[in-house]
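Only one structure is covered here, and it is reproduced in the block below.
In each ligand, atom 1 is the first atom listed, and ligand 1 is the first ligand listed. Quick caveat: nothing in here was measured; it's all calculated off a predicted structure. Residue numbers run from 1 in the order of the sequence given.
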Amino acid sequence: MNYFILLSLFATVFAGNAPRLKFVVHEPSRFHFNKPENYISMYHQEGSDTVYVGGQAMVYVLTFANRGVRDVQIPAASDQTAIDTCKAKAAPLELECDNFITVIQKVNDTMIICGTNAGSPRCWMLVNETVLTDVQGNGQIASASDISPPYPSQKSISFPADGSLYSAMSSVAGHPGSIRRTFGSQKLLKTENIWLLNPQFAGAAVIPSTMKYKEEIYFFFSELNKTARVDEEPYRARIGRICTVDEGGIKALLENSWTTFMKARMMCGAGKTHQQYNNLKQAVVLTAQDKRAGVLYGLFSNAWGRTVICAYSIEDIDVAFSTSKLKGYSSAFIGSRPGMCVRKNSTTGGHNDIKNLGVIRYHPEIEDVIQPVGVAPLDLPMDDDQITHTVADIVMAVNDEHYSVLYIGTEQGKVLKVLHTSGGVFIISQYSLFHNEGPILKMAIDSQKGHMYVGTAMEVQRLPLADCNRYGDTCRDCILSRDPYCGWDRARRRCLAIPPGYNITTGTLIQNLDQSNSSVCGEAAALKQRRTSPREVLVVSNTSIFLPCPVRSFHATYRWEKDNCVKNYPCLFSGDFCVLGPAVRTPLKDGVFRCMATEDGFKVEVISFRLVNDGRLLAASLASTLGPSLLLAMATLWLH
Ligand SMILES: *[C@@H]1O[C@H](CO)[C@@H](O)[C@H](O)[C@H]1NC(C)=O
Ligand SMILES: *[C@@H]1O[C@H](CO)[C@@H](O)[C@H](O)[C@H]1NC(C)=O
Ligand SMILES: *[C@@H]1O[C@H](CO)[C@@H](O)[C@H](O)[C@H]1NC(C)=O
Ligand SMILES: *[C@@H]1O[C@H](CO)[C@@H](O)[C@H](O)[C@H]1NC(C)=O
Ligand SMILES: *[C@@H]1O[C@H](CO)[C@@H](O)[C@H](O)[C@H]1NC(C)=O
Ligand SMILES: *[C@@H]1O[C@H](CO)[C@@H](O)[C@H](O)[C@H]1NC(C)=O
Ligand SMILES: *[C@@H]1O[C@H](CO)[C@@H](O)[C@H](O)[C@H]1NC(C)=O
């Protein structure tokens, strides 16, 4: 009976790809919604302390400080007639008959806010940080229903680039789905309906270039074949791309449509197996400033709702789009390749261009299929949790190299911090952030200020990206964390955040990110054995004793030793504690028991207990029901 309870408490097993550290965070920087916000949109501008959150008939302007959050709430109700009409025609969606804010974006200095407005979308401008007014100005704006979906459960993406707003609308009943330029002084353009098959959008990103006119926007989405047979995969993951200089075609052909749209299929799955993930849910791109290099992370799910992340090289995608054959087109290209970004003034209206427009109109898909780096999804330890959102950051390490860090939000409200290198993934840590363990809905990264914003239906929280003082006060602790934001300062003997503008030639911080190896700390640090002073435990004879040892690093091996290493015993159960308990050949009698953790070839003492026999006898019935859990609970209390 007791065994059973304890086993379920400690049943978690160590895995090589488990998070190395687990933190429970109680930061003061959090904002609680007054009512649950099941659909949120989030806007944050790098370098500011403010995050804009769109909810149900409300825009929250949250300004974070080290202690606490200042909030301004701007009501954005839909008019009652819209609500009544919505309820009359869409009974099953009644809960969605309100103004859910789906878009908050800044184009130049104009803050554009759009909402579902109970089934008939509307857009506003946010003026003076507090007032919503109709959109005006010199730019033209598309119909609000091309920017915001009518209901919050339908996904749209809006994205500012080069002074214009771009919007991708997923397909819903009555709307085929589209990618459009929706606001700005450039011509408002759209996709042709035949280019997209029931698209469900997952993200967008600007792919910069040293030559401004070559700047592109990538859109990430899944296409759904509604007539696929039951034994066929209905989803296909896609990348679509357009050039920001695109000004549309000619009167006879693609007049108000993109002339540079192309799309490709993306695969995510273990090479030879049938484990394919085709439903792209979300995507994020890391690129260095004005470089066409970087990495795309796509969050995919399969038919059973299992989620994985695949990583792609932006260079691979770039090469595919500029060299691949076009599907269904085998003739040679006349003049320049169709779909490439060209300066607006070059030979517009020439014969070659008309030919190229025709090619793009009927053959926008390339033949090459985009494969993930390392062919398979990233090896992440999801257990029975699923990924709901992901963001990424690029970090300059002390060796003058860039490292990618992924932040993965889950259904159970956890955030994993993951180092991604060519050698694979290393799970630096897992954060448990929230009072209420709801799914993580949105995240935003501010590399400049070093913050991450995380939102659930209940709250919005801010966390530091460089969280170095959590790693401990020894060089080994700091180095083994493999956190690119942190380095060991030999002089000050502390684990410190790499400061902005750190000079790699004169700086003295040390790191070792490519492998878990703390030899940079030197021999002295390794040899310094630290002893803990044993805590005394009175043993009432004929009760079972359980000794808990808190697990810090989930990559270490924990064992118990007695009589200075003459005998050693494995954990009876492990999880957040390595527990020593009664088992065959474990004489839990008088003596000192030490819990030792071994990682990276070094053994460290974590905690020790001195068992002292009390000689008394406990009533049998009481002992067998209370004994173990009581002792364990007492010991656990001491640890806090
Ligand atoms: C915004 O603030 C300016 C200056 O305080 C004021 O003149 C203007 O009327 C305000 N605009 C709105 C829409 O409230
Ligand atoms: C943003 O600024 C650019 C350059 O000044 C301008 O061409 C463009 O029209 C502006 N966009 C909007 C939406 O006002
Ligand atoms: C959808 O699936 C059906 C059945 O396999 C197939 O005949 C059809 O060509 C597919 N449609 C597209 C656009 O691929
Ligand atoms: C096109 O632009 C280039 C550089 O911006 C310029 O040198 C060229 O004269 C322009 N051509 C036309 C036809 O305007
Ligand atoms: C780093 O320090 C060295 C020596 O003081 C100096 O020559 C160099 O310019 C500095 N580099 C940067 C990027 O500031
Ligand atoms: C750590 O790195 C050092 C130097 O590169 C090497 O000699 C040592 O074997 C490595 N230790 C482990 C445990 O891999
Ligand atoms: C404790 O000892 C008593 C008497 O020796 C025995 O009856 C009882 O079963 C023992 N209880 C446990 C939990 O071992």
Under 3.5 Å, sequence neighbours excluded: what are the donor-acceptor pairs made by side chains of residues 298-305?
from: N302; atom 1: OD1; to: W304; atom 2: N; distance (Å): 3.0
from: N302; atom 1: OD1; to: G305; atom 2: N; distance (Å): 3.2
from: N302; atom 1: OD1; to: R306; atom 2: N; distance (Å): 3.0

**Request:** For V127, counting its heavy atoms only, list the atoms of ligand 1 lying under 4.0 Å from any of them.
**Result:** 11 (N), 13 (C)
**Request:** Would you mind listing which atoms of ligand 1 come within a distance below 4.0 Å of any non-hydrogen atom of N128?
**Result:**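 It comes down to these atoms of ligand 1: 1 (C), 2 (O), 3 (C), 8 (C), 10 (C), 11 (N), 12 (C), 14 (O).
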Do [X] and [Y] come close enough that some side-chain heavy atom pair is under 4.5 Å?
X    : Y    : value
F333 : K355 : no
I440 : M443 : yes
V375 : M267 : no

**Prompt:** Under a 4.0 Å N-O cut-off, is there an ion pair linking E247 with K187?
**Reply:**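 So E247 does not pair with K187 through a salt bridge.
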**Prompt:** Does a side-chain N-to-carboxylate-O contact under 4.0 Å join E459 and R30?
**Reply:**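 Answer for the salt bridge query: yes.
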**Request:** Of the side chain and backbone of N225, name the one, both, or neither that has a heavy atom under 4.0 Å from an atom of ligand 3.
**Result:**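 Looking at N225 and ligand 3, just side chain atoms fall under 4.0 Å.
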**Under 4.0 Å to a heavy atom of A228 - the qualifying atoms of ligand 3, by number** = 2 (O)
**Request:** Could you tell me which atoms of ligand 3, counted from 1 in the order shown, lie closer than 4.0 angstrom to a heavy atom of L197?
**Result:**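 Contacts of ligand 3 toward L197, numbered from 1: 13 (C).
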**Asked** For K281, does the NZ atom have more than 12 heavy-atom neighbours from other residues, nucleotides or ligands under 6.0 Å away?
**Response**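 At most 12 heavy atoms, drawn from other residues, nucleotides or ligands, come within 6.0 Å of this atom.
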**Prompt:** Which parts of the protein, at residue level, reach under 4.0 Å of ligand 2 through a heavy atom?
**Reply:**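 V107, N108, N138, G163, F183, G184, S185.
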**Message:** For a quick test of reading the model, state the closest non-hydrogen atom pair linking L188 to I141 and the distance between them.
**Reply:**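 In terms of heavy atoms, the two residues are closest at CD1-C, 3.9 Å.
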